[in-house]
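Structure record follows, encoded as structure tokens.
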Amino acid sequence: MIFQNKLITWYLIHKRDLPWRHTNDAYVIWLSEIILQQTRVEQGLPYFNKFLENFPTVTDFAAASEAKVLKLWQGLGYYSRGRNMHNTAQIVVNNYNGIFPTLHDDLIKLKGIGEYTAAAISSFSSGEARAVVDGNVFRVLARYYGIDTPINSPEGKKQFFKLANELLYTEDPALYNQAIMEFGAIQCKPKSPDCSICPLNIECYALKNNAVGQLPVKLAKAEKKHRYFNYLVSTVDDKILVRERQAGDIWQHLYDFPCIETTGFSTEEDETLEFTVKSNFGGETEITFISYKKHVLTHQIIHVRFFALKNYIFNFNKQKELNWVSFNTLDELPQPNVIRNFIEENF
DNA sequence: AATCCGGGGGG
DNA sequence: CCCCCAGGATT
């Protein structure tokens with residue numbers, strides 16, 4: 001138990017004071033865990049406070065509209081987390097009488113809760129003996145034990161999951177889980193950790209073998225795709241033409257503008273753009289360039305051009321997803337950051 | 001097994 | 001510029 005004891009001892013001295021560590025309410029822990037998926041603590045903290053303020057209980061959460069949830073989520077990214085939370089809150093109210101489950105086997109069935117989150121909520125709220133395996137745990141174990149199996153391969157996931165559960169300190173799973181994650185976040189951090197002050201530096205495989213910078217191993221990611229969005233901006237009086245994005249692409253159920261996607265911004269492709277604009281909005285339609293923005297996502301780089309749309313004919317029957325909204329209404333609708341920023345810069 | 005899903009901070 | 005972040009769902 002040397003490994004576990006040292007981690008816990010380190011944790012009790014160095015842990016940050018974070019609000020979700022003061023509760024064992026599964027609902028509150030769920031809020032924090034979903035928000036913190038692929039998200040740094042400092043980035044997620046204001047969102048955690050905002051959600052808890054707006055939805056003190058899971059019943060409050062379930063009663064809200066999906067748009068309200070996504071509006072609160074705006075700017076945090078990975079919006080399926082918000083949609084899944086909305087669904088899960090309603091399942092908890094309808095099937096669990098509004099009492100948030102605390103057992104792994106119940107939690108894992110809920111949308112947006114996978115192995116990591118089920119282990120986190122169950123151990124933190126009910127003390128269930130489930131080891132968390134997140135990015136921090138991968139890194140600490142890979143370095144300490146010198147495991148070079150890629151952490152994003154199926155074998156790697158199985159191997160690390162098995163080891164993590166063997167190491168779990170079953171006398172206090174919650175404490176141990178918090179300890180190893182905090183240790184990974186603060187001491188055994190991704191880049192240039194200060195191993196001279198690490199309590200595990202004597203036994204650490206990576207430090208002994210000068211491999212701290214090489215572990216953990218990760219399989220190469222797919223190359224980012226380039227996409228070219230031509231947004232058509234149209235305002236009449238205090239209203240603006242918006243589109244609700246649908247399933248099958250990024251930013252599902254968020255709002256942007258009518259958009260014509262092309263394969264590039266070359267002269268030839270711009271002729272295609274103009275042709276498409278006129279066939280959709282009438283032959284007299286004119287577009288004038290406003291601004292360009294590059295927007296980078298995990299798997300795509302989106303080149304965004306904004307155009308002012310003029311002299312067009314608008315057919316609601318052909319363009320069902322489009323809608324006129326006032327700027328006041330728009331402020332209540334969830335939007336991707338690139339749209340939000342454009343609106344704030346131009347209106 | 002591979003790909004998709006955001007946005008921001010830090011080296 | 002590149003990497004990573006209290007991952008999960010879909011194909």
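Chain naming here is simple, since letters A, B, ... match the order of the sequence lines and numbering starts at 1 in each.
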Nearest-Å distance for atom pair [atom1]/[atom2], residues [X] and [N]:
X         : N      : atom1 : atom2 : value
Lys218(A) : dA1(B) : NZ    : C1'   : 16 Å
Lys157(A) : dA9(C) : NZ    : P     : 12 Å
Leu45(A)  : dA6(C) : CG    : P     : 13 Å
Ile29(A)  : dA6(C) : CD1   : P     : 17 Å

Of the listed nucleotides [options], the one nearest the side chain of [X]:
X         : options                : value
Leu18(A)  : dG7(B), dC4(C), dA6(C) : dA6(C)
Lys191(A) : dG8(C), dC5(B), dC2(C) : dC2(C)
Asn337(A) : dG8(B), dC4(B), dA1(B) : dG8(B)
Gln38(A)  : dC5(C), dA6(C), dA1(B) : dC5(C)
Arg40(A)  : dG6(B), dG9(B), dT3(B) : dG9(B)
Pro154(A) : dA1(B), dA6(C), dC5(B) : dA1(B)

Task: First encountered from the 5' end of DNA chain B, between Gly77(A) and Lys189(A) - done: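 Comparing both residues, the 5'-ward one is Gly77(A).
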Task: Flag for Gln252(A)-Arg245(A): side-chain donor and acceptor within less than 3.5 Å - done: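 There is no such pair (donor and acceptor under 3.5 Å, judged by atom type) between the side chains of Arg245(A) and Gln252(A).
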- [ ] Answer with base, sugar-phosphate or nothing: what part of the nucleic acid does Thr298(A) contact at a heavy-atom distance below 4.0 Å?
- [x]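 Contact class for Thr298(A): base.
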Open item on the list: By the 4.0 Å heavy-atom rule, please label Asn152(A) as base, sugar-phosphate, or nothing.
Closed with: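 Asn152(A): no heavy atom of the nucleic acid under 4.0 Å.
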Task: Complement of dA2(B), any strand, by Watson-Crick or G-U distances under 3.5 angstrom - done: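 Answer to the pairing question: dT10(C), which forms a Watson-Crick or G-U pair with dA2(B).
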